[in-house]
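For reference, the structure discussed in these notes is given below.
Residue numbers start from 1 in every chain, and the chains themselves are labelled A, B, ... in the order their sequence lines are given, proteins ahead of strands. If you're wondering where the values come from, they're calculated on a predicted model, not measured in any experiment. Only heavy atoms go into these numbers, but all of them, side chains included; no hydrogens, no water, no symmetry mates.
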Amino acid sequence: MSADADADGDRAYDHEVVEREWRRRFEESGRYEPDPDEGEDPTFITVPYPYPSGGMHVGHARTYLVPDVYARFERLRGEQVLFPMAWHFTGTPIVGAVERVRKRDPDQIETLTDAFDVPEDDLERLETPEGYARYFAEEADASYRRGMRQLGLSVDWRREFTTSDERYSKFVSWQYRTLRDRGLLEEGLHPVNFCTNERQPVTTHDLLEGEDAEFQEFTLVRFGYADDDAFEDAVLPMATLRPETVRGVTNAYVDPEAEYARATVDGETWLVSAAATEKFELQGRSVEVHERFAGERLVGADVENPVTGDRVVVLPAEFVDAADATGVVMSVPAHSPDDYLALREVTERADDLTAYGIDPQRVQAIEPEPILEIDDYGDVPARDVVEAAGIESSTDPELEAVTQDLYRSEFHRGRLLSAYGEFAGETVADVREQFRDSHRERGHFDRMYEFTEPVVCRCGGDVEVAQQDTWFLRYNDDAWRDLAHEAVDDIDAVPENTREQYHHTVDWLEEWPCIRNYGLGTRLPWDDEFVIEPLSDSTIYMSYYTIAHRIDEVPVEDLDREFFDTLLLGEGEDERAADMREEFEHWYPVDVRFSANDLVNNHLSFFLYHHAELFDRPEWPQGVTVMGMGLKEGEKMSSSKGNVELPGEVVDEYGADTVRFFQLNAGEPWQDFDWRPEAVESTREAVDRFWSRAVDLIDDDGDGDVAVDGDPDRRPIDRWLLSRLQSTVRAVTDALENYETREASQAVFYDFEEQLRWYRRRVDTARPAARRTLREVLRTRLRLLAPFMPFLTNELHERLTGEPAEDAAWPEPDETLVDAAVETEESLVRALTEDVHEVRDVTGTDPEVLRVYVAADWKRKVLATVAEHAPDPDRGAVMGDVMSDADLRERGDAVNDLVSDLVESVRERSPEERERLAAVDETAVYEGAVDFLAREFDADVEVYREDGDPHDPADRAGSARPFRPAVHIE
RNA sequence: GCAGGGAUAGCCAAGUCAGGUCAACGGCGCAGCGUUCAGGGCGCUGUCCCGUAGGGGUCCGCAGGUUCAAAUCCUGCUCCCUGCACCA
């Protein structure tokens, strides 16, 4: 140290120096790299491997810190713990990001350089997916691996791998071949976003417009062309989201100006807009266009409703958008305000329709056709709402809201009329799908997909919904689903209310398309055009950790089905795999999976599904703990918004222990936590204070003299502190067993600090026995804090005792140090102190003398009588008993008042507490606190007994009650 | 709409499952005092209203109810957040 360093230089906490030393020791010791031992039941914990589409920020950090705390806790308790880490390279976002880097997309470059401090020179390395992923996984300053090391995660780095490693791919291939053999994979068509310009599927990240657009499944009502001309027998499919309104169709509309086509679609003749023929082709239909013509050609035709057999006329309408859906629209004026207005308008100018060869009278005769009844509306709800809102035309801006309102009401409360047969009287919400399906089966309905709004690719091309050949995981398979439910029942779900969410998800999951067209990852074993997508290649990889550090011994080509059958199922003859199976059997199952709460309804449920199918029940996951997300000053942390904090930077600024402690203490794991610099700063100050006090204690007596059994110099207040320490040990242990990092860290750090504040106030802490007590306390607290602050606690513990905290054992509550009596007595002193403060403040008197009057014995007798009536004393009954005592009876009203008071106090206290109080010698307790009270109030302190002829100049003694002495200050 | 979560004093936030010790932990901010220069740090005190004696009043999203007793239990309502599928 330099000569001019300030006097306290060696006391201030220099986190950089301490952390550097311990980071080195953590890595060199290999202590987090366990191999199977004799122990029967090791602890295996996992977290989602990071997806390095960008760097690590502190919003991610807690996901790894909570398991690290649990890992360190279990190790201190003597458990063998495996906490591994790997990298998830699979997926399309990295590929998309690389594309944008190559094009030097300004937004992308800004995110990288601003949020993650990527130097200009490094950009070139980000031009391949592998390079990009490796960069953010391991190489960048803001990489996950660096962040994790800086934060001191106790990870077994020997087992690190990436999901594009060839050996990992062999493992995933085995998984998918096995699932396929078991009939849990199925081939089929699936809608995707498809760029019509690039002729390939695109992700939402690739979109310029319409990122929030969803595609909807429309029902096509197959109206039949009913005129006997060249189009005879053709189908006019009309798209609707409300298939049940089919019985309310009064007419159809086309755009007379737009281009329509006659095409053979899947072997039938269809009449639709020209634009629609392309969509049908994309959606997996075979389409051959024979002729194109203006919509006018269809106007005036009769079409036949497939459900009712009624014939309705096709009318012209400008509002029809031929680019949307099929370009042929069915009109339900009774239930659609749009259609109602359109009908009214077309009726008004019915005479113009003669130009199309339509009889105006036929149009004027069209009446809305109700299909359901709904309370608060008349027969024709669309007319009601239009008239009520005073809407005159289809361009009225209010129309949209009115329409949505009506649709919602009809959906939830509308009851179908008798024409609906088996569905009559039911609400639309209850039967829409069944109704649709039944008509689909009968060939009346078909389907198509369409976006809710225009979608445009970054390349400028129009994006449409396409049906693509794909493979599905059959999560809706009944037997598999049952197994998954059992797996849900088996786990320790934390917090418990997530269990219901897993069950709900399992019931709701349908088939899951498990492949993509491009991206890093594992190729589908039997069709290398496709890549297994990220949520599907990460369901059982926890098992891969068990052998990840040894699998390089085996040549890739030997990693065949036999190998993994042997390794994971114990069903093969591969010798090397059989040998490695011991590792698998040692570590499996996963004891706790720590994950994010938004993964419950996909990844975590898949994780349970796949384990349930592929492994025997004893190997199923034992627990899943989900975590909330990270906010920064109340906003979601997001790298694209630039509001992120990088672990490297905050560790430099505040120190790793502070960053860890802050995050673990900011809320329970499953709650969201908010990173607020001022709060982190305040944590840093508390950590520094802890350090200085500890160093101070350690330095003033270098002999490490901490524990003296039955220290004869110990005073009650020392015993009080040690007793509180035991309850803290219990509280921290209980909390950590339940993953409650906030509860635990709060108890050992801040809450106990409160106790220490009282202790320091209460006694002279320079006393040797006090120093010994404080060192004993420090030793225990260091071990309790070790999971949270591994750097600082190891350092201090080693300075105090000669060994690092992580070499010591987790503390057990020492029953011989638990002293309920002394805690009760101390609570009386505390209460008295508070009372005197209050009196002093209210009166504004700075006391010269403080007189304390302990209640008279007869009052204790009254209390005892009241207590006999616990837990719910009745005043009358108590008074009866009390008055039977002649001595008390004489005291009359004083007794009456006292009883009322004591009845309350008895009701509010537990039996144990009353018992402890009854044993207290109040006078002795206050006399023992005289020195303290004198110091606290800078006054002379006198303790009297109410019935001991006290000096009582202000006549206060009479108001003393048991355990609530009267006081007088002057 | 469905599912899950939430609403507590200037701000953050504990307490709610197991009603009483809750005017309601703790932190931040603010104010005062002390620590023998200031500042910082540290310590103490105060921070809903009234009160020169430890008390009283009002309070925990809104409105009711149960109870000797409600932030906590019950009923109804309002508002906010997250997810609802192929982005990981």
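- Using a 4.0 Å heavy-atom distance criterion, A:Ser959 is classed as a base contact.
- Residue contacts shown for A:Arg840 are absent, as no nucleic acid heavy atom lies under 4.0 Å away.
- Stacking of A:Arg762 on the aromatic ring of A:Phe932 is recorded, both the 6.0 Å distance cut-off and the 45° axial limit being met.
- Applying the 4.0 Å criterion to OP1 and OP2 of B:G43, one finds that A:Arg693 has a side-chain N or O inside that range.
- With both pairing distances under 3.5 Å, B:G4 is matched to B:C81 as a Watson-Crick or G-U wobble pair.
- Between B:C44, B:U21, B:G26, one nucleotide has an atom nearer to the side chain of A:Glu913 than all others, and that is B:U21.
- Within the nucleic acid shown, A:Arg760 has no heavy atom closer than 4.0 Å to any nucleic acid atom.
- If you check B:G46, B:A88, B:G27 against the side chain of A:Ser682, the one that comes closest is B:G27.
- Using a 4.0 Å heavy-atom distance criterion, A:Pro495 is classed as making no nucleic acid contact.
- In this entry B:G76 has B:C62 as its Watson-Crick or G-U wobble partner, both defining distances falling under 3.5 Å.
- Heavy atoms of A:Pro534 sit under 4.0 angstrom from primed sugar atoms or phosphate atoms, though from no base atom.
- The CG-C1' distance, from A:Leu520 to B:C87, rounds to 15 Å in whole Å.
- Within the nucleic acid shown, A:Asn602 comes within 4.0 Å of at least one base atom, counting heavy atoms only.
- The distance between atom CZ of A:Arg742 and atom P of B:A13, rounded to the nearest whole Å, is 10 Å.
- When the P atom of B:G4 is taken as reference, atom CD of A:Glu500 falls 5 Å away, rounded to whole Å.
- When the side-chain nitrogen and oxygen atoms of A:Arg761 are compared with OP1 and OP2 of B:G43, none of them lie within a distance under 4.0 Å.
- For the pair A:Glu685 CD and B:G27 C1', the computed distance is 11 Å after rounding to whole Å.
- Under the 30°/60° scheme for interplanar angles, the aromatic rings of A:His610 and A:Tyr176 are found to be tilted.
- Relative orientation of the A:Tyr609 and A:Tyr475 rings is tilted, given thresholds of 30° and 60° on the angle between their planes.
- For the pair A:His968 and A:Leu535, both in contact range of RNA chain B, the more 5′-proximal nearest nucleotide belongs to A:His968.
- Under the Watson-Crick and G-U wobble criteria, each requiring two contacts below 3.5 Å, nucleotide B:G51 is left unpaired.
- Between A:Thr92 and the phosphate of B:A88, there is a side-chain N or O to OP1/OP2 separation shorter than 4.0 Å.
- In this structure a side-chain-to-backbone donor-acceptor pair under 3.5 Å is missing from A:Thr162 to A:Phe89.
- Distance, A:His837 NE2 to B:G55 P: 16 Å, rounded to whole Å.
- Put simply, A:Gln671 has no side-chain N or O that comes within less than 4.0 Å of OP1 or OP2 on B:C12.
- Below 30°, between 30° and 60°, or above 60°: for A:Trp675 and A:Phe662 the angle between ring planes is above 60°, a perpendicular geometry.
- Distance A:Trp691 CH2 to B:G41 C1': 18 Å, rounded to the nearest Å.
- Summarising the base pairing, B:G34 is matched to B:C42 through a Watson-Crick or G-U wobble pair whose two defining distances lie under 3.5 Å.
- Nucleotide B:A23 forms no Watson-Crick or G-U wobble pair with any nucleotide shown, as no partner meets the under 3.5 Å limit on both distances.
- Between A:Phe937 and A:His837, the distance separating the two ring centers is shorter than 6.0 angstrom.
- Proximity of A:Arg964 to the phosphate of B:G55: a side-chain N or O atom is located under 4.0 Å from OP1 or OP2.
- Nearest-nucleotide positions on RNA chain B place A:Glu970 closer to the 5' end than the other of A:Glu970 and A:Cys514.
- The CG atom of A:Asp598 sits 12 Å away from the P atom of B:U82 (whole-angstrom rounding).
- A:Trp675 places its CH2 atom 16 Å from the P atom of B:C28, with the value rounded to the nearest Å.
- Within 4.0 Å of A:Ala686, counting heavy atoms only, lies no atom of the nucleic acid at all.
- The aromatic rings of A:Tyr739 and A:Phe594 sit perpendicular to each other, their planes meeting at more than 60°, with 30° as the lower class boundary.
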